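Have a look at the structure below before the remarks.
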Amino acid sequence: QVQLVESGGGLVQPGGSLRLSCAASGFNLDYYAIGWFRQAPGKEREGISCFSSTDGTTHYVDSVKGRATISKDNAKNTVYLQINSLKPEDTAVYYCATDRLSLVRVGCTVDGQAYESWGRGTQVIVSS
């Protein structure tokens, strides 16, 4: 069974850090590009970062650039998203997903329409 499970969310004070995990089961992440998305209450889903399986490149949107790092542990079949200097506006449910064109896309995209398998998300609340 193909499954993605996010974890690592929680309540953190502004300025703090979190490392979110996206653990894959039922398939090998080596062959898939992974995107991280978030959805804040009352807002549309936003793609924030991605990791390419074809060339290892990464991408960050401006809202997290300089504060976020996406990485992959092949042995654990897990992708991580480290976010530092958290702000209240980072409060959201965070999701990971696999790109349906992972094996052919050069680079990666944060367009959610490109993604097929999604996890259920992990809640991040940034508040003092």
Side-chain angles (χ1 to χ4, degrees):
Q1 181 182 359
V2 174
Q3 191 174 18
L4 290 171
V5 179
E6 301 93 339
S7 62
L11 174 63
V12 62
Q13 292 188 341
S17 299
L18 281 176
R19 189 178 76 159
L20 307 180
S21 301
C22 172
S25 60
F27 67 101
N28 190 335
L29 271 179
D30 285 352
Y31 305 107
Y32 289 85
I34 292 293
W36 278 99
F37 301 82
R38 66 185 181 186
Q39 188 164 20
K43 295 188 176 181
E44 292 188 354
R45 184 182 62 200
E46 173 191 22
I48 58 173
S49 182
C50 59
F51 185 106
S52 169
S53 60
T54 55
D55 57 17
T57 59
T58 58
H59 176 71
Y60 305 93
V61 298
D62 287 345
S63 58
V64 300
K65 192 174 293 182
R67 301 189 295 123
T69 303
I70 189 170
S71 61
K72 187 167 72 169
D73 185 330
N74 292 330
K76 295 183 178 180
N77 212 30
T78 298
V79 173
Y80 302 98
L81 183 69
Q82 173 85 28
I83 309 178
N84 302 320
S85 303
L86 282 160
K87 308 173 183 179
E89 51 262 44
D90 293 318
T91 295
V93 178
Y94 285 70
Y95 302 88
C96 61
T98 58
D99 183 349
R100 62 172 58 90
L101 297 178
S102 291
L103 295 181
V104 298
R105 191 186 308 280
V106 176
C108 64
T109 178
V110 293
D111 179 356
Q113 299 294 324
Y115 289 79
E116 50 184 1
S117 298
W118 294 78
R120 292 187 175 184
T122 184
Q123 175 76 59
V124 172
I125 299 174
V126 184
S127 175
S128 54

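Note that the coordinates shown come from a computational prediction; the quantities given were computed from them, not determined experimentally.
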Is the side chain of [X] donor-acceptor paired with the backbone N or O of [Y] at a distance under 3.5 Å, no angle test?
X      : Y      : result
Ser52  : Gly107 : yes
Asp111 : Gly47  : no
Ser49  : His59  : yes
Glu44  : Gln39  : no
Thr122 : Gly9   : yes
Thr91  : Val126 : yes
Ser53  : Ser102 : yes

[X] side, atom [atom1]; [Y] side, atom [atom2] - distance, nearest 0.5 Å:
X      : Y      : atom1 : atom2 : answer
Cys22  : Glu6   : SG    : CD    : 5.5 Å
Ser128 : Gln13  : OG    : CD    : 7.0 Å
Phe27  : Ser117 : CZ    : OG    : 6.0 Å
Trp36  : Tyr115 : CH2   : OH    : 12.0 Å
Leu4   : Tyr32  : CG    : OH    : 10.0 Å
Trp118 : Tyr95  : CH2   : OH    : 9.0 Å

Measure the shortest side-chain to side-chain distance between [X] and [Y] over non-hydrogen atoms and say whether it is less than 4.5 angstrom.
X      : Y     : result
Arg67  : Asp90 : yes
Leu29  : Asn74 : no
Val110 : Val61 : yes
Leu81  : Ile48 : yes
Ile70  : Tyr60 : yes
Ser127 : Leu11 : yes
Val64  : Glu46 : no
Arg100 : Thr98 : no

_Derivation of the side chain to side chain donor-acceptor pair (under 3.5 Å) call for Thr78 and Asp73_ = CA-CA 5 Å; Thr78 298; Asp73 185 330; over 6 Å; no
*Might you work through the side chain to side chain contact (heavy atoms under 4.5 Å, CB included) test for Leu103 and Thr54, ending with a clear yes or no?*
CA-CA 6 Å; Leu103 295 181; Thr54 55; 5.6 Å; no
_Looking at every heavy atom in both Ser17 and Asn84, which two are closest together, and how far apart are they?_
OG-OD1, 2.9 Å
*Can you name the closest pair of heavy atoms from Arg105 and Ala114 and give their distance?*
NH2-CB, 3.4 Å
*Hey, mind stepping through Gln82 and Leu20 against side chain to side chain contact (heavy atoms under 4.5 Å, CB included) and telling me if it holds?*
CA-CA 6 Å; Gln82 173 85 28; Leu20 307 180; over 6 Å; no
*asked:* Before you tell me yes or no, could you show the steps for Phe51 and Lys72 under side chain to side chain contact (heavy atoms under 4.5 Å, CB included), namely the whole-Å CA-CA distance, both residues' side-chain angles and the distance that decides it to 0.1 Å?
replied: CA-CA 8 Å; Phe51 185 106; Lys72 187 167 72 169; 3.9 Å; yes
_Quick check: is Leu18 connected to Phe37 through a chain of hydrophobic side chains (ILVMFWY, heavy atoms under 4.5 Å apart)?_
no
*Should we count NZ of Lys65 as having more than 12 external heavy atoms under 6.0 Å?*
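Check passes, neighbour count above 12.
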*Go through Asp99 and Ile34 one step at a time and tell me if the side chain to side chain contact (heavy atoms under 4.5 Å, CB included) criterion holds.*
CA-CA 6 Å; Asp99 183 349; Ile34 292 293; over 6 Å; no
*Does NZ or CZ of Arg19 lie under 6.0 Å from the centre of the six-membered ring of Tyr80, at an angle within 45° of the ring axis?*
yes
